[in-house]
Amino acid sequence: MPGHYLLLVTPDVTIPTAVDKATVAQVLRDISLLLQIQGESGFRVRAYDMAADRIAGLPQELGPLVAEGRLESLPGIGPALAEKISELVSTGRLGYLEELRAQFPPGLLELTQLPDVGPKKVATLWRELQVSSIEELERACREGRVRQLRGFGAKSEAKMLEGIALYRRARGERKLLGEVMPVATALLERVKAAPGVVRASLGGSVRRQAETVADVDIIASAPEAGPVLDALANAPGVAAVLGKGESKCSVRLEAGDLQVDLRVLPDEDFATALHHFTGSKAHHIRLRNLGQERGLKISEWGVHRDDGTKVPVTEESGLYALLDMQYVPPELREDNGEVEAAREGQLPKDLLTLEDVQGAVHAHSTWSDGRNSLEEMALAARALGLKYLTITEHSEAAIYAGGLKVDDLKRQWEEIDRINAAVSGVRLLKGIEVDILESGALDYADSVLEQLEVVIGSIHVRHGMDEDQMTRRLLAALDNPCLQILGHPTGRLINSREPYPVRMDEVLERAAERGVAVEVNGKPARLDIKAEYVRQAVERGVRLVVSCDAHQKEDLRNLAFAVATARRGWARKGDVLNTLPADRFVTALRERR
DNA sequence: GCCGTTTTCGGCCCGACTGTTTTCAGTCG
């Protein structure tokens, strides 16, 4: 995402106090780019990049670290960076960045967002042609001025024009994991079926189940790479082959301008290559350093001793064993403390899996705004091997979503009873997704809510309240003894709506005190609460449910993304209530404090 | 700019691919 800090570069504007982690990280990345354009060499630049990764991946909030002067306790952050970050967080501005930016025209940084255009090329284009914006670059390419520069040619011009068109369409937006996963899985199957393939796996942020992904990585082993690379290059839905060498092929798909990278290697290198291309970069660098301490050089080509001999590694677990660590599942590989925990044997041993989940939480039907009937939903849940499904329609206040009046709700119970009697192997639980009103009160009387087996409370309107008001609203809802599950607690929609402002630490603390479960909503655009909050919730002893927020039977598969989010937040089976059988699940929900 | 049972200097992860060259620079992951 291109970084524009109008507030930061306008000296006389008063800045609102809160500068979040993402902004700090982006500022550090911008500094790194500007230093590179300036010609500053490698290591100082990398220090800014590493610090940006560190801040972006921080499990806790930045404010307290700054206030208590503990920034320097973070690896990769020393006195100089700590001072700059403090200045940025406490004043909303950074003098150093402003000085740096003043040396260059404002559009220069955006140029680095184009594919195959980095700081060095930007510096040349600016120095030689005074190109300082995407529009100027486009004109220079069309007029054939770029090809006259040393190191550029006609092909560079054509590629840049293509890149500009692509950039304008995609706007650099990352895709939702839930949208990419079906495409990625289908391509993986195609690769697995290619001649000679021994093993194949997804890698990268898709395998780590990041909430958004920029591209798809596939790693495969085979004696001959050629036929496997061809299988991807010739796959249906491929719009263009971006590059193809002896071991690597990159394509762009028609659907969503998605890029897919495939690497093919001999099987003896599969495990280390898979590990390398799964990342994250930060996790990987930590492991390489640990390897160095033991005289082992770790690279995508395997593990080598200092004398050059190769240490055989056939599974990823073998790599961790060489470093005297527990195996780290891909979802945890973010350098967020998992390296330390794995060395001390402290990683959660019963991390939640999809197989642990016995019932799906949070489903709508044609009774409110869902597309399938109750019976269709029940049969679909059974087909997925689920033992129960909580039916939680919208309540009366959610008029836009066909919210149920109390009389409707009671008629629905009769239909649920009929289906439960007729359909074996799966049970529908009577529930509601009741609106949390502006005051924090719930949209039905206690006397109604008490008759239900599952009560999820969610906010659907009045997202514009300020942080104090919103926090009070949620705390009031948590204090209601009828509320069992807090639904999509931050209200965000990834890439389209910011979360409403709320002090999550207070909300999670209250949820723990009251014994209210918190939803990990698996709808791809929600993933709410996000992994970072899951981890805070788990540390506080908050009980969780993983949910699908289904509005049609296909959405039951969203459960997988809720599980992924929970895993990224280090949630164990025992932290998640819908790993229990139906009866015990219902009983557990009633255990309020 | 960070870091240190080789600590205040001299290291810092590393290889593939492309387009430009004719041995390499830049970008990417």
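Reminder, nothing fancy here: chain letters follow the sequence lines and each chain counts from 1.
By the 30° and 60° cut-offs, the orientation of the rings of A:H284 relative to A:H276 is perpendicular. Taking the six-membered ring where tryptophan is involved, the planes of A:Y48 and A:Y96 are essentially parallel, since the angle between them stays under 30° and well short of 60°.
Rounded to whole Å, atom P of B:dC2 lies 12 Å from atom CD1 of A:I55. Atom CZ of A:R263 is separated from atom P of B:dC14 by 18 Å (rounded to the nearest Å). Rounded to an integer number of Å, the gap from A:L74 CG to B:dG1 P is 18 Å. One interatomic measurement links the two molecules: CG of A:L111 to P of B:dT27, which rounds to 12 Å at whole-angstrom precision. If you take CG of A:L242 and P of B:dC28, they are 13 Å apart, rounded to a whole angstrom. Rounded to whole angstrom, the span from the CD atom of A:E300 across to the P atom of B:dC28 amounts to 17 Å. The interatomic distance linking A:Q38 (CD) with B:dG1 (C1') rounds to 14 Å, in whole Å. Rounded to a whole Å, the CG atom of A:L33 is 13 Å from the C1' atom of B:dC28.
Each of A:R150 and A:F277 has a nearest nucleotide on DNA chain B; the 5'-most of these lies closest to A:R150. Mapping A:G78 and A:F152 onto DNA chain B by nearest heavy atom places A:G78 closer to the 5' end of the strand.
Side-chain contact, A:S32 with A:Q36: a donor N or O sits under 3.5 Å from an acceptor N or O. A side-chain N or O of A:Q26 and one of A:D30 form a donor-acceptor pair less than 3.5 Å apart. In summary, the side chains of A:D20 and A:T23 do present a donor paired with an acceptor at a separation below 3.5 Å, with no hydrogens or angles considered.
Nearest to the side-chain atoms of A:A80 among the listed nucleotides B:dC2, B:dT27, B:dG29 stands B:dC2. When each of B:dA16, B:dG1, B:dG19 is scored by its nearest atom to the side-chain atoms of A:K155, the top-ranked nucleotide is B:dG19. The side chain of A:L81 sits closest to B:dG1 out of B:dT27, B:dG1, B:dG15. With B:dG26, B:dA16, B:dG1 as the candidates, the nucleotide lying closest to the side chain of A:K120 is B:dG26. When each of B:dC13, B:dG29, B:dA16 is scored by its nearest atom to the side-chain atoms of A:Q292, the top-ranked nucleotide is B:dC13. The nucleotide whose nearest atom lies closest to any side-chain atom of A:P79 is, among B:dC2, B:dC12, B:dC13, B:dC2. Here B:dT27 is the nucleotide among B:dA16, B:dT27, B:dC2 with the atom lying nearest to any side-chain atom of A:D116. For A:K159, whose side chain is taken as the heavy atoms from C-beta onward, the closest listed nucleotide among B:dT18, B:dT27, B:dC14 is B:dT18.
One P atom belongs to B:dT6, the other to B:dG15, and the distance between them is 25 Å to the nearest Å. Taking the P atoms as reference points, B:dG4 lies 14 Å from B:dC13, given to the whole Å. Atom C1' of B:dG11 sits at a distance of 25 Å from the matching atom of B:dA16, rounded to the whole Å. Here, B:dT20 and B:dG26 have their P atoms 14 Å apart, quoted to the whole Å. Taking atom C1' on both nucleotides, B:dG29 is separated from B:dT22 by 28 Å, rounded to a whole Å. Taking atom P in both B:dC12 and B:dT7, the straight-line distance is 16 Å, to the nearest Å.
For A:R46 and B:dC13, the shortest distance from a side-chain N or O to OP1 or OP2 is below 4.0 Å. Between B:dC17 and A:S247, a contact under 4.0 Å exists linking OP1 or OP2 to a side-chain N or O. When the side-chain nitrogen and oxygen atoms of A:S156 are compared with OP1 and OP2 of B:dT20, one or more of them lie within a distance under 4.0 Å. OP1 and OP2 of B:dT18 both lie 4.0 Å or more from every side-chain N or O belonging to A:K244. Checking the phosphate oxygens (OP1, OP2) of B:dC28, no side-chain nitrogen or oxygen of A:K121 falls inside 4.0 Å. Distances shown here put every side-chain N or O of A:R288 at or beyond 4.0 Å from the OP1 or OP2 atom of B:dC13.
Residue A:I298 is out of contact with every strand shown, counting any heavy-atom pair closer than 4.0 Å. Residue contacts for A:L149: at a heavy-atom cut-off of 4.0 Å it reaches no nucleic acid atom on any strand shown. Contacts of A:A154 with the nucleic acid, taken as non-hydrogen atoms under 4.0 Å apart, involve only primed sugar atoms and P, OP1 or OP2.
Nucleotide B:dG10 forms a Watson-Crick or G-U wobble pair with B:dC3, both donor-acceptor distances falling under 3.5 Å.
Between A:E135 and A:R139 there is no salt bridge, since none of the side-chain N atoms of the basic residue sits less than 4.0 Å from a carboxylate O of the acidic one. Looking at A:E162 and A:K155, no side-chain N of the basic residue comes within less than 4.0 Å of a carboxylate O on the acidic one, giving no salt bridge.
Residue A:E211 is tested with A:R492, A:K523, A:K175, A:R568 for a salt bridge (charged side-chain N to carboxylate O under 4.0 Å, His left out); the sole match is A:R492.
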